[in-house]
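Chain naming here is simple, since letters A, B, ... match the order of the sequence lines and numbering starts at 1 in each.
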There are 2 protein chains.
Amino acid sequence: MSEAVNDQTRERILDSAELLFARKGFDAVSIREITGASKSNLAAVNYHFGSKFNLYMEVFRQRWVPRTRRIRKQFAERLADTPEPRIRDVVNAMVRSFLDGQLTDQERLIHGQLMQREIASPTDALKMVVEEVMRPQQQRLSDLMRPHLPAHVDENRLRLSLLSVIGVTLYFTFARPVVSRLTGQEYDDEFKAVLIDHITTFAIDGMNALNKEYN
Amino acid sequence: MSEAVNDQTRERILDSAELLFARKGFDAVSIREITGASKSNLAAVNYHFGSKFNLYMEVFRQRWVPRTRRIRKQFAERLADTPEPRIRDVVNAMVRSFLDGQLTDQERLIHGQLMQREIASPTDALKMVVEEVMRPQQQRLSDLMRPHLPAHVDENRLRLSLLSVIGVTLYFTFARPVVSRLTGQEYDDEFKAVLIDHITTFAIDGMNALNKEYN
DNA sequence: GTCTATAGCAGGATAGAC
DNA sequence: GTCTATCCTGCTATAGAC
């Protein structure tokens, strides 16, 4: 068995597939395009993954999910610097983990685009990702913030607030074409720094709304 | 000439095309599917619109853009009830115009999905929509809020805040599959009312962050 | 304007040689 | 495991009858 070679082909296919699925969406990408980009044979996708759709699922299982582990690790390290994290520290770490971090800019883009497309046309990949990644992370965030919130804030309201922070952050990531056109700003380092400042401030004050009772 | 019949076919095709493009995306929809759903002939799309892509553009020109006029009209009517709208009134009207209004639930869904897909894979439709709809609306909102803000708030910060309000609102609209799974809530009237309350509160406090200087 | 028929091509999947 | 060749399906677009 030449497993090493096999694995290399498999990995190259996964890399090309992730990039192309992210850029163009599942239906707009052909197996020919993927095998062309990964310099592998047309038959390799079906040999290694069984079908085009199963390759798509493997992209999530072997690329998307592992990447969230790196993101989460960095999130945890940022919080570790502040022994008693307050809400503003958690929010800041959340925002930065999406907009700034060890991921390359292209990786972040791919990551977000894949998720955005999954949301627009959900498949089994979304189900898997929500249960294995998002729900546990939501619980972690909730546990971090809970001690700083008044007792009258129930779990549902807290969840909605967390989702809102994520929502506004994601909007600035994936709606890049709209934001760039409207503001006339490229997403360079300077603009990203402004964005992080802005979103953190906006979101912290939004979270603080939890401290008031609904009227 | 049987223009009336022609127009009916044209309109039926536009309706089916919009629904299908929204649900599945441009590439995942075939002309056969569209003409099947609109009970028209396979050749009708190319006869009336010239090409599949031009039909897609017409969906934006003749369905998407006109719908924003209805949304904007209702937004204006809501504000007309309060002669001197403060920021909280404007924000509330913004949030409601996306989540609640004269549009049917399905119309709102279609509208958002089309935009979401356009953002993920921008075409000329996005360019058109940004210039003809979003930029003017951004300017209107900015003008409404400007009188209530301290002088030190520059136009760029205000724009980012407006985008944030829109961002969090849109997130709860288009990320419905994720939100529903995570919260276990269907998007029924009760949950929508909770969402409107929540988002409005969150966004008002986020906007109020403008009243502080950056630190 | 509407229809049928079909050209012309690209797609996913697979059989079978090596 | 890798490759070529190919099957078969489904697609867009169009020609031409009515």
Side-chain angles (χ1 to χ4, degrees), chain A residues 1-63 114 117-118 121 123-125, chain B residues 1-62 114 117-118 120-121 123-125:
Chain A
M1 296 203 296
S2 46
E3 254 187 13
V5 176
N6 175 9
D7 279 6
Q8 281 173 20
T9 304
R10 225 188 113 94
E11 296 302 307
R12 281 205 319 277
I13 290 176
L14 278 170
D15 287 336
S16 298
E18 181 177 29
L19 181 66
L20 289 167
F21 285 146
R23 272 196 198 146
K24 310 166 78 168
F26 183 81
D27 292 292
V29 177
S30 65
I31 292 183
R32 283 167 172 81
E33 205 175 351
I34 294 168
T35 52
S38 60
K39 300 195 198 315
S40 58
N41 189 270
L42 172 59
V45 163
N46 276 281
Y47 177 77
H48 285 285
F49 300 95
S51 73
K52 183 187 173 188
F53 180 71
N54 206 50
L55 165 59
Y56 179 77
M57 286 296 293
E58 285 301 302
V59 164
F60 275 86
R61 281 192 276 257
Q62 307 203 17
R63 290 287 182 276
L114 281 175
R117 295 189 187 280
E118 221 7 74
S121 298
T123 70
D124 280 351
Chain B
M1 295 204 296
S2 45
E3 256 186 16
V5 176
N6 176 8
D7 279 5
Q8 281 173 20
T9 304
R10 224 188 113 94
E11 296 303 306
R12 280 204 321 278
I13 290 175
L14 278 171
D15 287 336
S16 298
E18 182 177 28
L19 181 66
L20 289 167
F21 284 146
R23 272 197 199 147
K24 310 166 78 167
F26 183 81
D27 292 291
V29 177
S30 65
I31 292 183
R32 282 167 169 78
E33 208 175 348
I34 294 168
T35 51
S38 60
K39 300 195 199 315
S40 58
N41 188 269
L42 172 58
V45 163
N46 277 282
Y47 177 76
H48 285 285
F49 299 94
S51 73
K52 183 188 172 187
F53 180 71
N54 205 51
L55 165 59
Y56 179 78
M57 286 296 294
E58 285 300 304
V59 164
F60 275 86
R61 282 192 275 256
Q62 308 203 16
L114 281 174
R117 295 190 187 281
E118 205 34 52
S121 298
T123 70
D124 281 352

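The side chain of B:Thr9 contributes an N or O atom lying less than 4.0 Å from OP1 or OP2 of C:dT2.
Across the protein-nucleic acid pair, A:Tyr47 atom OH and C:dA17 atom P stand 17 Å apart, rounded to whole Å. Regarding A:Phe49, its CZ atom lies at a distance of 15 Å from the C1' atom of D:dT2, rounded to whole Å. Atom CZ of B:Arg12 and atom C1' of C:dG1 are 13 Å apart (whole Å). Rounded to whole angstrom, the span from the CG atom of A:Asp27 across to the P atom of D:dC11 amounts to 11 Å.
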Report task. Classify every nucleotide of nucleotides 5-13 of chain C by which part a protein heavy atom approaches to under 4.0 Å, writing B for the base, S for the sugar-phosphate alone and - for neither, in 5'-to-3' order. Result -> ------BBB
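In terms of heavy-atom proximity, B:Lys39 sits nearest to B:Arg12 at O-NH2, 3.2 Å. Taking both residues in full, the closest heavy atoms of A:Val29 and A:Lys52 are given as O-NZ, 2.7 Å, listed atom of the first, atom of the second, then distance. Shown here for B:Arg117 and A:Ser121, the closest heavy-atom pair between the two residues is NH2-OG, 2.7 Å.
The side-chain heavy atoms of B:Asp27 and A:Phe26, taken from C-beta on, include no pair separated by under 4.5 Å.
Between the CG atom in B:Leu55 and the CG atom in B:Leu14 there is a gap of 6.0 Å [rounded to 0.5 Å]. Atom OH of B:Tyr56 and atom CZ of B:Arg61 lie 12.0 Å apart (nearest 0.5 Å).
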